[in-house]
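In what follows, a single structure is set out as structure tokens and then discussed.
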Amino acid sequence: TNANGDPFVECGQFASGYTWGSVKVADVRMAGELAGSVPMQVIGDPAFSVVPSACLAIGGPLNSVSELGANGLLGINVFQQDCGPNCALNAIPGTYYTCLPTPTGCQPTQASLAQQVQNPIGMFPVDNNGVIIALPSVSAIGAPSVRGSMIFGIGTQGNNGLGNAHVIPVDLDATFSTTLLNRLYDKSFIDSGSNGLFFVSTNANFVTCINAVDFYCPNPTLNLSATNQGTSGPANTVNFQVANAESLFTNSPAFFAFANLAGTNLGSTSFDWGLPFF
């Protein structure tokens, strides 16, 4: 609650829709680690059923397990909070609200850094300075599923050292620059929540699919090389493939893990390094 005891309610907006629900405090336990008193969003809270118009502006509701397609989301990123100083200083429509049982209803409000929904890893007593997502390789035809590990901390235990990993420093938006086929994407990012690599290309080889909407269907498979450049330090080259999405789905209808799946992006200046990147 805020200083007046009014409840905080949050709108979370994603490319595929929005979540709406109250902010509660809970302990989060994972693999023996404890993050105490973590502010989290409870979607679909029946106490706050009226969704503000600014929250409704993106997609449809994701306010149940069936709509979201998951029991919940772990907000793990390079940020500690989901909005940061901007929401702490300003009342921004489509983010945080106070909701009162009056005709005024829900109004945008500021939310301090401590009151915002948090990255739970950053609230661990130890192993709190980062995370490793480690996945095995997947063959060119895909796999029914893939199992990996989420390892807490960087350089805090014997199994989470930085080693020879290439460091890509990011800007305040957690973005960096990617260059592919002489095209610059200066607002690129890494997102394990995306099921493919997503980018806009005018290259003739990137044929969009007829049935697999928003995915690329080149023929044959494209062998590509992109360069990632952070805010400092040397560039890093990433080699990857883009296969025909419709062929992947048709030939292996029971497969859900693909390392060579790519599609178009909503933004022309961003390259979304999704789950195949891992």
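Throughout, residue positions are numbered sequentially from 1 according to the sequence presented. The figures that follow rest on heavy atoms only: side chains count, while hydrogens, waters and symmetry mates do not.
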Measuring only between side-chain heavy atoms, which start at C-beta, is [X] closer than 4.5 Å to [Y]?
X: Ser37; Y: Asp27; answer: yes
X: Val50; Y: Cys106; answer: no
X: Leu224; Y: Phe206; answer: yes
X: Thr95; Y: Pro108; answer: no
X: Glu67; Y: Ile43; answer: no
X: Leu275; Y: Leu261; answer: no
X: Thr156; Y: Val126; answer: no
X: Val138; Y: Phe255; answer: no

Grouping I, L, V, M, F, W and Y whenever their side-chain heavy atoms are under 4.5 Å apart, do [X] and [Y] come out in a common cluster?
X: Met150; Y: Met40; value: no
X: Val131; Y: Met30; value: yes
X: Leu62; Y: Val65; value: no
X: Leu180; Y: Trp273; value: yes
X: Leu74; Y: Ile133; value: yes

side-chain contact (heavy atoms from CB on, under 4.5 Å) against [X], all qualifying residues, sequence neighbours excluded:
X: Val200; result: Arg183, Asn265
X: Pro7; result: Phe48
X: Val42; result: Ser22, Lys24
X: Ala88; result: Leu113, Gln116

Any side-chain to backbone donor/acceptor pair from [X] onto [Y]? Under 3.5 Å, distance only.
X: Gln229; Y: Ser177; result: no
X: Asn160; Y: Gly155; result: yes
X: Gln107; Y: Ala91; result: no
X: Gln80; Y: Asn119; result: yes
X: Asn2; Y: Asn4; result: yes

Measuring from Asp173:CG to Ser188:OG, what's the distance to the nearest 0.5 Å?
->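 Here the interatomic distance stands at 12.0 Å.
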
Rounded to the nearest 0.5 Å, how far apart are CG of Asp191 and CZ of Phe198?
->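 Interatomic distance, Asp191 CG to Phe198 CZ, rounded to 0.5 Å: 9.5 Å.
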
May I ask you to list the residues sharing a hydrophobic cluster with Ile154, side-chain cutoff 4.5 Å, ordered by chain and number?
->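 Besides Ile154, the cluster holds Ile132, Ile151, Leu162, Val167.
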
Could you identify which residues cluster with Phe8, counting Ile, Leu, Val, Met, Phe, Trp and Tyr as linked when any side-chain heavy atoms lie under 4.5 Å apart, either directly or through a chain of such contacts?
->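 So far as hydrophobic clustering goes, Phe8 is joined with Val23, Tyr96, Val117.
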
Chi angles and distances behind the side chain to side chain contact (heavy atoms under 4.5 Å, CB included) call for Thr227, Thr237 = CA-CA 4 Å; Thr227 301; Thr237 299; 4.2 Å; yes

Please identify each residue that fulfils side chain to side chain donor-acceptor pair (under 3.5 Å) with [X], with sequence neighbours left out.
X: Asn63; value: none
X: Asn129; value: none
X: Asn236; value: none

Would you please test Phe278 and Val146 for side chain to side chain contact (heavy atoms under 4.5 Å, CB included) and show each step?
-> CA-CA 11 Å; Phe278 294 84; Val146 62; over 6 Å; no

By ring-ring contact (aromatic ring centres under 6.0 Å, His included), Phe124 pairs with (sequence neighbours left out) Phe152

Between Asn260 and Leu248, does a side chain to side chain contact (heavy atoms under 4.5 Å, CB included) hold up when you go through it step by step?
-> CA-CA 9 Å; Asn260 47 13; Leu248 291 175; 3.4 Å; yes

Take atom CG in Leu89; do more than 12 heavy atoms of anything else shown fall under 6.0 Å from it?
->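 For Leu89, atom CG is crowded (more than 12 foreign heavy atoms under 6.0 Å).
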
May I ask you to check whether Phe271 and Phe277 place their ring centres under 6.0 Å from each other?
->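 Centroid separation for Phe277 and Phe271: 6.0 Å or greater.
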
Kindly state whether the ring of Tyr97 and the ring of Trp20 have centres lying under 6.0 angstrom apart.
->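 Here the rings of Trp20 and Tyr97 have centres that are less than 6.0 Å from each other.
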
Disulfide bond (SG atoms under 2.5 Å apart) contacts in which one or both residues fall within residues 191-278, not counting sequence neighbours |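 For residues 191-278, and leaving out neighbouring residues, the disulfide bond (SG atoms under 2.5 Å apart) pairs sorted by first residue read Cys209-Cys217.
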
Where do Leu222 and Tyr216 land on the side chain to side chain contact (heavy atoms under 4.5 Å, CB included) test, with the steps shown first?
-> CA-CA 10 Å; Leu222 301 176; Tyr216 288 125; over 6 Å; no

Residue from Thr178, Val170, Asp272 passing side-chain contact (heavy atoms from CB on, under 4.5 Å) with Phe189 |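 Exactly one candidate clears the test, Asp272.
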
By salt bridge (Lys or Arg N to Asp or Glu O under 4.0 Å), Asp171 pairs with (sequence neighbours left out) Lys187

